[in-house]
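These notes concern the structure reproduced below.
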Amino acid sequence: MKRATMLYASPFWPLKSGISNYSSCLLQVLKKYYDISLLVDGYTVEDPMLAGFPKIKYRKGAEYRRFDIILYNIGNQPDYHGYMLEAMKKNPGFIILHDFSLYYLVVGVAQHEDRVFEMIYQEAGIDGVQLVKDSLKSNKNEDLLQHKNLADKLPLNYTTLSTAKGIFVHSEFSKKRIQQIGVNTNIWKMNHLTTFVPSKRNYDEDIRIKRQAQANWGIPEDAFLLVAAGFIAPSKQNSLTCQAVGQYNAKHSQKIYYLMVGEGSDADLYLSQYCIKTGFVSNEFYELAIARADMIFNLRYPTNGETSGTLIQAMQLGKPCVTTAIGWFDELPDNTVIKVAPTVTKEELVAILENQDKEYLRTLGQRAEEYAEKECNPEYIAEYMVSCLQPKA
């Protein structure tokens, strides 16, 4: 029996995106079911795990209907996903939606094409245009990508989602919001997947990791280490965490270190011996940081309906994690992560840092690992996707 063919659109490495890693992992299991080609927008894929997949260079206006299934990974980075908006007009397909709000994607494309107000009016009507005008009055920066206050007010996603043959989301939060805006298609909720296989570490490996972290970032081997991974932005509340670490360290002789693994300048005012920013790092150093962490902070407010692959990875490694009770993050089982309110204060974060009961943290990490291994297993998720994509009789 002839296997079905799939055209798979996504950013791939070397594009610096969590979706690049996500796709690399998902494709390893989907290839068991489909003959898959990758749709690439003008660069060379450098992921060795994808060496065996045929690559098709995207051309504006090209038709790809010879494929049985077209699957688009839609995220919010216009440089990485912008071509998909055009491709979907001529080649409707299925969508994996990684963020409910597509504000940054649509605005980025619209600014590049010099038709911002036209696209905003098309998506959000005159009320949307007025929101933008009001924001421009208070913030004189003409780059609407810098108007972070608009992302949750203007999701700008109806046109994109209404063309889809079906939509995969990672949360009930996103599923309900898509239904509320009146998109009439199948919407399937599936968990985010684990994207690497953790190695069981022994004592010697722990020592090596701690020594390498000290050599790279100056973190003492006996220090308690918090890690936050991903872009450093106001919504990640890195600055608030820095302040909490500073307040904790002012009262305790045994200092806590806070390592921010990623790019972004939002917390630069608080950088110090104990609050450290790495900038963008390779996968090797990213995994080193997560492995060295005693606790992960993955705060998020407001949310655009996104999930966090880095949080799932940390849970998979059995790390105790602190996150915000909002959107997808609030859907994680209460016994697998520590949840804080979106309005969490510096003092409340300090209280968490002061409650470093080793047995509690070990149990929390164990439950997190069990959840990630069972509910975010790529094989299980691929089987579910295949069942959804099967033609209905």
Side-chain angles (χ1 to χ4, degrees), residues 18 21-22 25-26 29 169-175 189-203 205-206 209-210 223-230 236-237 241 244 256 258-259 261 286-301 303 306-342 344 348-384:
N21 292 334
Y22 176 95
C25 181
L26 181 60
V29 283
V169 296
H170 298 311
S171 67
E172 290 295 334
F173 173 88
S174 291
K175 181 176 181 178
K189 188 261 181 180
M190 66 179 187
N191 286 335
H192 202 294
L193 53 78
T194 53
T195 54
F196 63 80
V197 179
S199 58
K200 297 300 182 182
R201 287 156 37 203
N202 56 30
Y203 176 78
E205 177 68 0
D206 277 339
I209 287 170
K210 289 181 176 181
F224 190 90
L225 177 64
L226 307 181
V227 170
K236 307 291 185 65
Q237 297 179 299
T241 305
I256 283 180
Y258 178 44
L259 187 67
V261 184
Y286 162 75
E287 292 176 15
L288 168 66
I290 300 298
R292 172 61 181 86
D294 294 293
M295 182 179 281
I296 301 291
F297 268 39
N298 193 313
L299 305 183
R300 200 67 59 100
Y301 181 74
T303 178
E306 72 276 18
T307 55
S308 173
T310 60
L311 182 58
I312 292 296
Q313 290 171 340
M315 294 173 71
Q316 187 186 11
L317 286 177
K319 299 296 179 178
C321 300
V322 180
T323 192
T324 309
I326 190 172
W328 169 81
F329 303 87
D330 197 29
E331 295 175 22
L332 294 168
D334 290 342
N335 66 349
T336 62
V337 294
I338 298 170
K339 296 178 184 177
V340 299
V344 64
E348 288 169 331
L349 294 184
V350 172
I352 291 173
L353 298 179
E354 290 180 332
N355 182 27
Q356 296 175 27
D357 181 81
K358 290 185 178 180
E359 182 58 26
Y360 169 71
L361 294 182
R362 186 195 66 80
T363 302
L364 185 70
Q366 182 179 348
R367 289 172 180 161
E369 182 178 353
E370 290 169 355
Y371 170 81
E373 290 289 344
K374 179 182 178 182
E375 302 296 336
C376 305
N377 183 287
E379 297 278 356
Y380 167 77
I381 289 169
E383 289 177 6
Y384 176 69

Apply salt bridge (Lys or Arg N to Asp or Glu O under 4.0 Å) to the pair E370 and R367, showing each step before the final yes or no. CA-CA 5 Å; E370 290 169 355; R367 289 172 180 161; over 6 Å; no
For a quick test of reading the model, state the closest non-hydrogen atom pair linking V350 to A244 and the distance between them. CG2-O, 3.5 Å
Which pair of heavy atoms, one from S308 and one from W328, lies closest together, and at what distance?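 Nearest heavy atoms, S308 then W328: N-CZ3, 3.4 Å.
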With sequence neighbours excluded, tell me which residues meet salt bridge (Lys or Arg N to Asp or Glu O under 4.0 Å) with D357.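 Testing D357 for salt bridge (Lys or Arg N to Asp or Glu O under 4.0 Å), a comparison that skips the adjacent residues, returns none.
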If the condition is side chain to side chain donor-acceptor pair (under 3.5 Å), which residues does D330 pass it with, not counting sequence neighbours? none
Any residue meeting side chain to side chain donor-acceptor pair (under 3.5 Å) with S171, in chain and number order, not counting sequence neighbours: S174
Tell me whether the count of non-hydrogen atoms from other residues, nucleotides or ligands lying under 6.0 Å of OH in Y301 goes above 12. no
Considering residues, nucleotides and ligands other than Y384, do more than 12 of their heavy atoms fall under 6.0 Å from its OH?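 Count over threshold, so yes.
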About how many Å separate [atom2] of [Y] and [atom1] of [X], when rounded to the nearest 0.5 Å?
X    : Y    : atom1 : atom2 : result
D294 : L225 : CG    : CG    : 6.0 Å
F173 : T307 : CZ    : OG1   : 12.0 Å
Y258 : M295 : OH    : CE    : 12.5 Å

State, yes or no, whether a side-chain contact exists between T194 and E373 at a heavy-atom distance under 4.5 Å. no
Please check this pair: side chain of T324 against backbone of P342, looking for a donor-acceptor N/O pair closer than 3.5 Å.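 No; judged by distance alone, with no hydrogens or angles, the pair does not exist.
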